[in-house]
Number of protein chains: 2
Amino acid sequence: MTKTLNPTCTLQDNRLNDVLRSCDGCTARSKAICADLTKEELSALNAISRRRQLRPGQPIISDQEQPEYFAIILSGTVKQTKVLPDGRQQIVGLLFPSDFVGWPFETHGSHHAEAATAVQLCSFPAQQFERLVRQHPGIQHHLFRYALSQLDAAQDWMLLLGRKTAREKVASLFTMIAKRSRGPDTCDFDSQGRERFALPLNRSDTADFLGLTLETVSRQFRVLKDNGVIRLDGPRMVTILDPAALDIAATSPFV
Amino acid sequence: MTKTLNPTCTLQDNRLNDVLRSCDGCTARSKAICADLTKEELSALNAISRRRQLRPGQPIISDQEQPEYFAIILSGTVKQTKVLPDGRQQIVGLLFPSDFVGWPFETHGSHHAEAATAVQLCSFPAQQFERLVRQHPGIQHHLFRYALSQLDAAQDWMLLLGRKTAREKVASLFTMIAKRSRGPDTCDFDSQGRERFALPLNRSDTADFLGLTLETVSRQFRVLKDNGVIRLDGPRMVTILDPAALDIAATSPFV
DNA sequence: CGACACTTTGACTGTAGTCAATGTAAGTGG
DNA sequence: CCACTTACATTGACTACAGTCAAAGTGTCG
């Protein structure tokens, strides 16, 4: 299992332990909502920020509680879930580095968000952050646009849940995760230049994300593997062998 | 088919044809994003507003085009759709009176919105509206909170699409439409005080909203009717006979 | 009246779900 | 070092829910 980084990747130092916590070296700086903020807005944000590390399964926002803090994801993956009274579960959002977790001004909130993998966050105390958003329309503007992109993603996922076959759902998951893993710091290719990523979810969570059972997920993984579309190095490590075939599998109901 | 309005309803005059187009008599005034705006913000909005009437099927925002205008729905229902290359369709949003149609500052937008029924809109030219939003953080704040409520609704629907049975989906649709129809102006009860509403979608669109086929939708309507949960007066007119049973049917997979 | 759009119903099929057993890998303690 | 546990994943056999295909029914409009 050789692992070589794409030569175009420029590894940046997070300096997670820096006392100064400067935004300059932050890996999320160029993509998160803090991108394009004015110097003033950015330093106001930075002044109330705090780094956090979460273990898999640790909650960020618990159902029925006011969130303690909001955060930008620096590394790792966060899952948002909704559950029915009898326990059936649906993952309604997967959040990746540079994504924002939690929504200011939300009152109702039947939300639950937790770390799917180990996660590093840049967090902001809830009330201070809300005050900051009120003071700086620029920050609100970016949050608004980010919310719209999340809404669009949710609606794309509705199309997947309502209209795609199991095969298409699994293939779409792979293309989505590959796309989100494509960043200057996080991209990963094997020795032959083929895209590769670690799934942030186990089979059960994957099923809850795709609206399937874990057995069906496992079987569809196998089919894509047998067809030479992907390779599996362990149950979580996926290499895309045939990107074109994967794209077809993600939008065509037959085969 | 007797139709009596709930005595608590206070019918207001839309004055759709008034030249002055005052917001004072507007039916959406108290619930739409224009609620809680300052006098200044409201009059700025009002100054660029224009009433529009749409026939069923008429598009508001076409896929791949910059929207011409944004709008608040005064009456009727609007559907947002996403389609796969091979034509499979999913309705990703149903919008009711007081809802906002279209999103300022959106660039990508694989959005399509069209009138599901006859629709009356209070519309705003896209560019003028965007300029207004930039100038008035208060308007943006309301739009932001509205976007969050739409995101929450989308995620609730993801739970429905991914995890509910056909029976539950249809029952959930009825509870959702009943809830949205419950307004001071639009509520409708039969002679015995039972809640009643007209479905804004035909069977095919209903199927596209619930992630089912139209035949399955038709059969589940029949089961709920046979069980005495609802009554159908024509294919579109639903009366809720047993609200408790309907709530159970909406969240319990067995029967 | 016939044309058309929409809906209902029936018979059959197939995809994904269910239930159960087995496989795999990492971690624990004797 | 090796049983044993635990969590997760795979595979198989069978089932059932919803989909497909087809026909008939209903209502509206010209």
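By the 4.0 Å N-to-carboxylate-O rule, B/E195 lies too far from B/K179 to be salt-bridged with it.
A 4.5 Å side-chain heavy-atom check between A/I60 and A/L54 finds at least one atom pair inside the cut-off. Here the side chains of B/L224 and B/F174 are in contact, with some heavy-atom distance below 4.5 Å.
Here salt bridge (charged side-chain N to carboxylate O under 4.0 Å, His left out) pairs that include residues 209-228 of chain A, with residues two or more places apart or in two chains, are A/R222-A/D226.
Of all nucleotides in DNA chain C, those with any atom nearer than 4.0 Å to a heavy atom of chain B start and finish, going 5' to 3', at C/dT7 to C/dA11.
Looking only at distances, no side-chain donor or acceptor of A/D233 sits under 3.5 Å from a matching main-chain atom of A/M237. Checking side-chain atoms of B/S218 against main-chain N and O of B/L214 turns up no donor-acceptor pair under 3.5 Å.
Other residues, nucleotides and ligands place more than 12 heavy atoms under 6.0 Å from the CD atom of B/Q58.
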Base, backbone or nothing for each nucleotide of nucleotides 5-23 of chain D, written B, S, -, heavy atoms under 4.0 angstrom, 5' to 3'?
----SBBBB----SSBB--
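Recorded end-axis angle for the helix from C/dC1-D/dG30 to C/dG30-D/dC1 stands at 20°, based on five pairs per end and rounded to 10 degrees.
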Do A/F197 and A/F189 pass the ring-ring contact (aromatic ring centres under 6.0 Å, His included) test, and can you show the C-alpha distance, the side-chain angles, and the key distance before you say yes or no?
CA-CA 8 Å; A/F197 53 85; A/F189 295 80; over 10 Å; no
Please tabulate, for side-chain N and O atoms in residues 153-163 of chain A, each donor-acceptor pair with protein atoms closer than 3.5 Å (sequence neighbours left out).
| residue | atom | partner | partner atom | Å |
| --- | --- | --- | --- | --- |
| A/D156 | OD1 | B/K82 | NZ | 2.8 |
| A/W157 | NE1 | A/F209 | O | 2.9 |
| A/R163 | NE | B/Q89 | O | 2.8 |
| A/R163 | NH1 | B/L212 | O | 3.1 |
| A/R163 | NH2 | B/A207 | O | 3.0 |
| A/R163 | NH2 | B/D208 | OD1 | 2.9 |
| A/R163 | NH2 | B/L212 | O | 2.7 |

Please report, to 0.1 Å, the donor-acceptor pairs under 3.5 Å made by any side chain of residues 243-250 of chain B, with sequence neighbours excluded.
none

